[in-house]
Amino acid sequence: PFRRLLLGIAGPAVGSSRQLPSVRVCEPPTSNLVPDFIKNSLNRPELADVEFLLMPNGGSQRILYAHRLVLAASCEHFQTMFTSGYAEGSGSSGCLRLDLPDWVSARPMLWMLAYLYQGFDVQKAQAVAYELDRRESSVPETSTASAANWVSRRRLAKLQFADDDAGEDLCCLLRLSEYYDLGHLKQWTENQLQRLLTPENLVALTTHAYFCNASQLLRLCVYHLQQLYSELVGQDDWEELEPAIKELVLTDLGNDSSATTV
């Protein structure tokens, strides 16, 4: 008892003016930390578990890196692929390797992937994809394959645009959006391609829209084919046009003429 009394009189707490210590909690990391990390992880091999192998005709192979979780969360096609036990092959470090058709170019493919990573913001995805392609590609692609290869097979006029790079990218993007069943991206691309439509590329772009099941762009192209019908008939472009497209043009023309006479 006396010891306690002495400690109370002469102990370290005697005469101290210090306040009672408190336990504080610092600010949490920003809520954007994880989403931003995921968005910026596209084409970074460190944590990737999916490899897209580009095999362009006449060009060198190139690998694009992605992540199953992001792809499955943003695209039903990939979700079905990854949850159904599908595996095309093993890439480096045990990653799932997906071989892409030879008509796929790196920049449109990066654009499509960035669209999935960037919350379906097409224009932000384009900026990200073009920057990634600029940094990663030291040598320009030399592939002669085209996303509109069915057009060349039919010996139709080559797709020509005021901006060839933009037109080629959009044509490939349209086909990719059909390939992976991305409805919003497909419609956005149709909208952009309609602005590049000219009499010179009308037949070729109509064919591309037809094979990509781009119904809105196809309707627009068919409308313009109807307006130019008298000039097209007898030309090689018209004669070599897909029979189904000709039928669309002629059927609508017939409906229009019958409606006029009624």
Side-chain angles (χ1 to χ4, degrees), residues 42-43 52-64 98-116 118 121-182 184-218 220-221 224 237 240-242 245:
L42 175 60
N43 209 32
F52 291 95
L53 180 60
L54 288 157
M55 299 181 295
N57 285 333
S60 58
Q61 292 186 353
R62 183 173 171 185
I63 297 176
L64 306 180
L98 302 175
D99 295 338
L100 295 172
D102 61 10
W103 52 263
V104 179
S105 301
R107 194 162 57 188
M109 185 64 190
L110 282 169
W111 191 350
M112 190 212 75
L113 291 173
Y115 170 77
L116 302 179
Q118 298 295 326
D121 185 331
V122 188
Q123 293 178 319
K124 178 65 181 297
Q126 181 184 20
V128 170
Y130 278 41
E131 175 61 21
L132 286 173
D133 184 65
R134 185 190 65 80
R135 290 193 312 220
E136 298 291 332
S137 181
S138 57
V139 179
E141 292 184 78
T142 58
S143 171
T144 57
S146 169
N149 53 10
W150 36 60
V151 175
S152 60
R153 282 203 307 267
R154 298 295 298 170
R155 293 179 298 146
L156 293 173
K158 181 182 182 294
L159 280 172
Q160 298 175 349
F161 300 98
D163 184 340
D164 284 339
D165 287 340
E168 286 291 336
D169 286 352
L170 286 169
C171 282
C172 187
L173 189 65
L174 181 66
R175 191 168 180 181
L176 284 168
S177 63
E178 163 66 13
Y179 192 75
Y180 291 107
D181 195 21
L182 298 169
H184 169 258
L185 181 61
K186 184 177 182 178
Q187 292 178 3
W188 184 91
T189 309
E190 288 181 87
N191 180 269
Q192 297 300 304
L193 282 171
Q194 76 167 343
R195 304 178 186 183
L196 302 178
L197 191 61
T198 66
E200 291 73 25
N201 64 31
L202 174 59
V203 172
L205 195 53
T206 303
T207 304
H208 191 59
Y210 173 77
F211 281 108
C212 288
N213 294 312
S215 58
Q216 296 186 93
L217 181 60
L218 179 60
L220 178 65
C221 290
H224 286 296
D237 282 354
E240 296 175 355
L241 193 61
E242 286 293 321
I245 299 176

Do you know which two heavy atoms are closest between [X] and [Y], and how far apart they sit?
X      : Y      : value
Gln118 : Val128 : NE2-CG2, 3.9 Å
Leu197 : Leu202 : CD1-CD1, 3.8 Å
Thr206 : Cys221 : OG1-CB, 3.0 Å
Leu100 : Met55  : O-CE, 3.8 Å
Leu182 : Leu116 : CD2-CD2, 4.0 Å
Leu193 : Gly167 : CD2-O, 4.4 Å

_Tyr180, OH atom: more than 12 neighbouring heavy atoms under 6.0 Å_ = yes
Could you tell me whether the side chain of [Y] reaches within less than 4.5 Å of the side chain of [X], counting heavy atoms only?
X      : Y      : value
Asn43  : Phe52  : no
Val203 : Glu240 : no
Trp188 : Tyr115 : no

Approximate separation, where rounding is to 0.5 Å, of [X] [atom1] and [Y] [atom2]:
X      : Y      : atom1 : atom2 : result
Asp133 : Arg107 : CG    : CZ    : 5.5 Å
Asp99  : Leu53  : CG    : CG    : 5.0 Å
Leu110 : Arg62  : CG    : CZ    : 6.0 Å
Asp237 : Glu200 : CG    : CD    : 10.5 Å
Leu205 : Cys171 : CG    : SG    : 6.0 Å
Met112 : Thr189 : CE    : OG1   : 11.0 Å

*Please identify each residue that fulfils side chain to side chain donor-acceptor pair (under 3.5 Å) with Asn191, with sequence neighbours left out.*
Arg195
*Using the side-chain contact (heavy atoms from CB on, under 4.5 Å) rule, take Trp111 and Leu170 through it: C-alpha gap first, then chi angles, then the decisive distance, then the call.*
CA-CA 10 Å; Trp111 191 350; Leu170 286 169; 3.9 Å; yes
*Mark yes or no for whether Asn201, through its side chain, and Leu196, through its backbone, hold a donor-acceptor pair below 3.5 Å.*
yes
_Checking Lys186 against Leu174 for the side-chain contact (heavy atoms from CB on, under 4.5 Å) test, could you report, in this order, the C-alpha distance in whole Å, the side-chain angles of both residues, the deciding distance, and whether it holds?_
CA-CA 6 Å; Lys186 184 177 182 178; Leu174 181 66; 3.9 Å; yes
*Can you check side-chain contact (heavy atoms from CB on, under 4.5 Å) on Val122 and His184, steps first, answer last?*
CA-CA 9 Å; Val122 188; His184 169 258; 3.8 Å; yes
*Any Lys/Arg nitrogen of Glu178 or Arg175 sitting under 4.0 Å from an Asp/Glu carboxylate oxygen of the other?*
no
